[in-house]
Amino acid sequence: MADRTFASLVPRVQASVPGCPNATIVQYIRDSAIRTCERTLYWRYQVPLFNLLPGVSEYAYNKPVTTDVHVMFEAVVNDRPLERLTMEKAIELYPQWADLYSGQAPAVAWSETPSTSTFNAPEYNEVLFNDQAAFTVPDAIIADASTPQSITQVTPDKYIILPLPNNDKPYRCRMFLALKPKKNATAMDEVIFDELEEVIMHGALQHLLVLPNQAWSDRELAAYHAKQYVYQTSERRARANLGNVRGTMRVRMQPFGA
């Protein structure tokens with residue numbers, strides 16, 4: 001999917017804050033894009049189907065590298081939804097996971113298994129479920145493994161499948177996420193940016209216009225943009241909840257001062 005840079009919105013924003021440095025405007029556009037994605041859950045993403053690995057509970061999200069996962073909507077394994085757990089509940093229900101992996105260096109956690117480069121090889125996934133003997137995991141781990149039942153998010157980049165998947169059969173996983181740009185991102189998905197452009201612009205201007213001791217500061221105009229931002233984020237969130245994420249609905253602007 002194509003990306004669109006935050007800098008592409010600078011000309012529209014700069015018209016309301018003349019003299020503001022471009023770098024500052026880009027920073028506030030990015031911050032607004034992050035807040036907007038968090039509040040609207042508009043950037044929805046389906047992770048490509050993948051196979052869980054026997055004896056492995058921790059996974060990195062397969063997502064665009066310049067994004068973080070804000071919400072995990074659903075995870076399904078072999079057409080069965082996984083229960084979403086908090087980290088505290090996951091540790092309470094599956095303490096063996098913490099004993100096996102928590103705090104260990106990757107080299108220690110994976111010391112008895114094939115290398116990750118082997119896991120990631122395309123041909124390895126074909127071997128994995130056609131020939132179970134090709135995958136070697138420690139007996140102690142497989143003894144605690146079972147059919148996956150639950151999932152919990154650890155960080156914006158990582159999640160846990162519990163209990164550890166066994167090697168009795170293939171476990172095919174499907175995931176649905178809400179994304180947001182990372183704090184160091186310079187761009188985001190073009191389609192989503194286009195849909196949220198007005199909202200992001202209002203969100204950036206509501207903060208730029210109240211920067212102290214600046215020639216472009218205008219608290220009355222900032223209040224207008226703040227009102228528009230709240231109104232339009234609510235509309236986009238409602239649209240996303242209805243499943244009309246990329247529809248053609250138009251937003252009617254409120255009169256100034258209303």
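Index from 1, following the sequence. For the numbers below, each heavy atom of this structure counts, side chains included, while hydrogens, waters and symmetry mates do not.
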Inset, instruction - Verify the distance criterion only: is there a donor paired with an acceptor across the side chains of Tyr171 and Asn166 at less than 3.5 Å? - result: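 A pair is found: one side chain offers a donor N or O, the other an acceptor, under 3.5 Å apart.
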
Legend entry - Thr36-Tyr229 side chain donor-acceptor pair, cut-off 3.5 Å: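 Tyr229 and Thr36 do have a side-chain donor-acceptor pair below 3.5 Å.
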
Ion pair present between [X] and [Y], side-chain N to carboxylate O less than 4.0 angstrom?
X      : Y      : value
Arg174 : Glu74  : no
Glu195 : Arg239 : yes
Lys182 : Asp157 : yes
Glu38  : Arg237 : no

Short question: side chain of [X], backbone of [Y] - any donor-acceptor pair under 3.5 Å?
X      : Y      : result
Lys89  : Leu93  : no
Arg35  : Gly203 : yes
Gln153 : Val69  : yes
Trp216 : Leu211 : no
Arg30  : Ala185 : yes
Thr152 : Leu85  : yes
Arg84  : Met72  : yes
Arg44  : Leu177 : no

Inset, instruction - Determine whether the aromatic ring centres of Tyr159 and Tyr61 lie less than 6.0 Å apart. - result: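 Ring centroids of Tyr159 and Tyr61 are less than 6.0 Å from each other.
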
Inset, instruction - Mark yes when over 12 heavy atoms from residues, nucleotides or ligands other than Arg80 sit less than 6.0 Å from its CZ; otherwise mark no. - result: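 Counting neighbours around CZ of Arg80, 12 or fewer heavy atoms of other residues, nucleotides or ligands fall under 6.0 Å, so no.
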
Interatomic spacing from [atom1] in [X] to [atom2] in [Y] - rounded to 0.5 Å:
X      : Y      : atom1 : atom2 : value
Gln14  : Leu208 : CD    : CG    : 10.5 Å
Ile200 : Gln232 : CD1   : CD    : 11.0 Å
Met201 : His225 : CE    : NE2   : 6.5 Å
Tyr224 : Gln206 : OH    : CD    : 12.5 Å
Asp194 : Leu9   : CG    : CG    : 10.5 Å
His207 : Ile29  : NE2   : CD1   : 13.0 Å

Identify the two heavy atoms, one from [X] and one from [Y], that lie closest to each other, and give their separation to 0.1 Å.
X      : Y      : answer
Ala240 : Thr40  : CB-O, 3.8 Å
Cys37  : Leu179 : CB-O, 3.5 Å
Pro165 : Val56  : CD-O, 3.1 Å

Using side-chain heavy atoms (C-beta onward) and a distance below 4.5 Å, is [X] in contact with [Y]?
X      : Y      : result
Arg12  : Glu197 : yes
Gln27  : Phe6   : no
Ile160 : Met87  : yes

Legend entry - Joint cluster assignment, Leu49 & Tyr45, ILVMFWY side-chain distance < 4.5 Å: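 Different clusters: Leu49 never reaches Tyr45 through Ile, Leu, Val, Met, Phe, Trp or Tyr contacts under 4.5 Å.
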
Legend entry - Joint hydrophobic cluster, Val210 plus Leu205, side-chain heavy atoms closer than 4.5 Å: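 No, Val210 does not connect to Leu205 through the hydrophobic network.
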
Inset, instruction - Start with the C-alpha distance between Thr5 and Phe193, add both sets of side-chain angles, then the distance that settles side-chain contact (heavy atoms from CB on, under 4.5 Å), and finish with yes or no. - result: CA-CA 9 Å; Thr5 65; Phe193 198 170; over 6 Å; no

Inset, instruction - Quick one: do Val47 and Lys63 satisfy side-chain contact (heavy atoms from CB on, under 4.5 Å)? Show the steps, please. - result: CA-CA 7 Å; Val47 176; Lys63 59 179 178 57; 5.8 Å; no

Legend entry - Check against side-chain contact (heavy atoms from CB on, under 4.5 Å), Ile161 and Tyr59: CA-CA 8 Å; Ile161 299 287; Tyr59 296 83; 3.9 Å; yes

Inset, instruction - Test side-chain contact (heavy atoms from CB on, under 4.5 Å) on Ser150 and Tyr94 and set out the steps. - result: CA-CA 10 Å; Ser150 307; Tyr94 304 100; 3.7 Å; yes

